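This structure is a prediction, so every number in the text was calculated from the model and none was measured. Numbering starts at 1 and runs along the sequence shown. Every heavy atom of this structure was used, including side-chain atoms; hydrogens, water molecules and symmetry mates were not.
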Amino acid sequence: MTQAPVNVTVTGAAGQIGYALLFRIASGQLLGQDKPVRLRLLEIPQAVKAAEGTALELEDGAFPLLAGIDIFDDPKQAFEGANIALLVGARPRTKGMERGDLLEANGGIFKPQGEAINAGAADDIKVLVVGNPANTNALIAKAHAPDVPAERFTAMTRLDHNRAIAQLAKKLGVSVSDIKKMTIWGNHSATQYPDIFNAEVKGQNAAEAVNDREWLENEFIPRVAKRGAEIIEARGASSAASAANAAIDHIYNWVNGTPEGDWVSMGVPSDGSYGVPEGLISSFPVVCKNGSYEIVQGLEINEFSRARIDASVAELVEERDAVTKLGLV
Ligand SMILES: NC(=O)C1=CN([C@@H]2O[C@H](COP(=O)(O)OP(=O)(O)OC[C@H]3O[C@@H](n4cnc5c(N)ncnc54)[C@H](O)[C@@H]3O)[C@@H](O)[C@H]2O)C=CC1
Ligand SMILES: O=C([O-])CC(=O)C(=O)O
């Protein structure tokens, strides 16, 4: 081992994403093959035993980069010294639950977690919220961590980004690595907007390469935006390994940078770019370098894109207003 272990806190560690995620973190895929990690797992008391079972399996992996595993049911302890926090555990929507109930139940999780991050995380903390509704949960956590720079709170739209690349590659019969500069705008929800007007395929504009408005509007956009539901329908459970994969991609790029000539999508606090109200956690194209990110500036937004970005951002404003009313931000 070449350096001190990085503390990685993972919430919802006993869940299905947690099971797919932890082994990849332990194997060095989250941060890089030269970076040892110490896992700090947070679960609700009823699920601590299951998390302990996963920890036994992690031990059995004999991962050279895994420096230790601690399991907690108290957020204050779990986030102590955290350098990276993956907030996966959330309250899922259950039958008969209204949107307001869901936001309130998640407020009960993300408020104390934000406070715990504020109180005890390391100065270089980077937070990724995966648990849904991811953008607004990130907004709640950020609101309760006033001492942490706001830009350290991000929400996951990388799964949507990866889904969009895969669908576009399939349509054009090219490799996923031929596609660059994909963007997801807005909320991680069915209103999200996957933008191919600014994407490139082998250096050519992707919208021109596709040249099929009917496919774009009626297949590609709804397919990507509703892919979560399609997976649930097929699998009987929501995306787990692909979500874990996207979380790995998100943090890996944030820490190690994005490749030259490309960008990724991240839900980040808006600085007002592209008319998105400041402070909202919305998905943007970002370039990462030296452990930080910047929103890509100067992209052309045509009328078609503008209407879709505005619709998704309007939904984010509604969610923010709802949690403001509940006193959660
Ligand atoms: N942003 C994205 O692209 C995606 C987000 N998701 C979301 O990720 C979340 C997790 O998904 P799964 O792992 O499939 O769910 P799961 O239900 O299998 O696991 C969630 C785990 O979180 C734990 N948990 C609940 N409250 C907690 C708390 N206060 N502190 C710590 N742990 C807590 C539960 O005990 C459970 O073990 C869900 O909200 C899901 O909707 C899923 C796929 C993609
Ligand atoms: O749709 C869901 O419940 C899970 C999710 O966020 C996704 O797969 O994008």
Side-chain angles (χ1 to χ4, degrees), residues 154-228 230-231 239 242-243 245-254 256-268 270-271 273-276 282-290 292-313:
T154 67
M156 191 165 94
T157 54
R158 184 60 176 268
L159 178 54
D160 312 295
H161 177 100
N162 289 345
R163 287 167 171 164
I165 289 176
Q167 291 302 317
L168 181 60
K170 210 160 132 181
K171 164 77 174 168
L172 294 173
V174 300
S175 148
V176 287
S177 49
D178 290 330
I179 295 179
K180 311 274 184 237
K181 301 182 176 173
M182 179 58 73
T183 304
I184 303 293
W185 299 93
N187 201 1
H188 171 68
S189 76
T191 67
Q192 67 176 266
Y193 173 53
D195 173 7
I196 66 167
F197 290 97
N198 285 296
E200 292 174 1
V201 179
K202 295 184 179 171
Q204 191 196 349
N205 180 276
E208 283 167 21
V210 166
N211 193 26
D212 183 348
R213 190 57 81 101
E214 149 69 23
W215 175 82
L216 172 65
E217 280 192 53
N218 300 322
E219 287 187 47
F220 175 74
I221 296 173
R223 187 102 203 241
V224 172
K226 296 180 188 161
R227 184 67 159 185
E230 184 182 346
I231 302 291
S239 302
S242 57
N245 180 60
I248 297 272
D249 285 350
H250 178 117
I251 296 290
Y252 185 89
N253 285 137
W254 190 357
N256 296 300
T258 39
E260 199 59 42
D262 202 1
W263 65 60
V264 295
S265 303
M266 285 169 61
V268 304
S270 176
D271 58 359
S273 293
Y274 299 99
V276 180
S282 187
S283 186
F284 286 98
V286 301
V287 164
C288 307
K289 202 175 173 181
N290 301 326
S292 54
Y293 62 81
E294 277 181 19
I295 296 173
V296 176
Q297 297 297 326
L299 298 183
E300 203 192 314
I301 308 295
N302 62 23
E303 227 175 280
F304 180 90
S305 299
R306 187 74 260 168
R308 282 162 177 78
I309 295 171
D310 288 349
S312 194
V313 168

To the nearest 0.5 Å, tell me how far [X] [atom1] sits from [Y] [atom2].
X: D178; Y: K180; atom1: CG; atom2: NZ; result: 7.5 Å
X: S189; Y: K226; atom1: OG; atom2: NZ; result: 11.0 Å
X: R158; Y: N253; atom1: CZ; atom2: CG; result: 4.5 Å
X: R308; Y: E303; atom1: CZ; atom2: CD; result: 11.0 Å
X: N245; Y: N162; atom1: CG; atom2: CG; result: 6.5 Å
X: M156; Y: D249; atom1: CE; atom2: CG; result: 9.0 Å

Under a 3.5 Å distance rule, please check whether [X] uses its side chain to pair with a backbone N or O of [Y] as donor and acceptor.
X: D160; Y: A225; result: no
X: S239; Y: G228; result: no
X: D310; Y: A307; result: no
X: S265; Y: I184; result: yes
X: T154; Y: V268; result: no
X: Y293; Y: G257; result: no

Can you give me the closest heavy-atom contact between [X] and [Y], atom names plus distance?
X: S312; Y: N187; value: OG-N, 2.8 Å
X: Y193; Y: S305; value: OH-OG, 2.9 Å
X: D262; Y: I179; value: OD2-O, 4.5 Å
X: A206; Y: L168; value: CB-CD2, 3.9 Å
X: R223; Y: E230; value: NH2-OE2, 2.8 Å
X: W215; Y: Q167; value: CZ2-O, 4.1 Å

Does [X] reach the side chain of [Y], with side-chain heavy atoms less than 4.5 Å apart?
X: W254; Y: M266; result: yes
X: L216; Y: F197; result: yes
X: N198; Y: K181; result: no

Salt bridge or not for K289 and E294, using N-O below 4.0 Å?
no
Over 12 foreign heavy atoms within 6.0 Å of CD, Q297
yes
Do W263 and T183 have side-chain atoms, one donor and one acceptor, less than 3.5 Å apart?
yes
If only side-chain N and O atoms count, and only distance matters, is there a donor-acceptor pair under 3.5 Å linking R227 with S242?
no
For a side chain to side chain contact (heavy atoms under 4.5 Å, CB included) check, start with the C-alpha distance between I196 and V210, then their side-chain angles and the critical distance, and finish with the verdict.
CA-CA 9 Å; I196 66 167; V210 166; 4.0 Å; yes
Please evaluate residues D212 and K171 with respect to the criterion side chain to side chain contact (heavy atoms under 4.5 Å, CB included), reporting the C-alpha separation (whole Å), side-chain torsions for both, the decisive distance (0.1 Å), and the verdict.
CA-CA 10 Å; D212 183 348; K171 164 77 174 168; 3.0 Å; yes
I'd like to know whether V224 forms a side chain to side chain contact (heavy atoms under 4.5 Å, CB included) with Q192, so could you lay out the CA-CA distance, the side-chain angles of the two residues, the decisive distance to 0.1 Å, and finally the verdict.
CA-CA 9 Å; V224 172; Q192 67 176 266; 3.7 Å; yes
Exactly one candidate in T191, I309, T157, V276 meets side-chain contact (heavy atoms from CB on, under 4.5 Å) with W185; the answer is I309
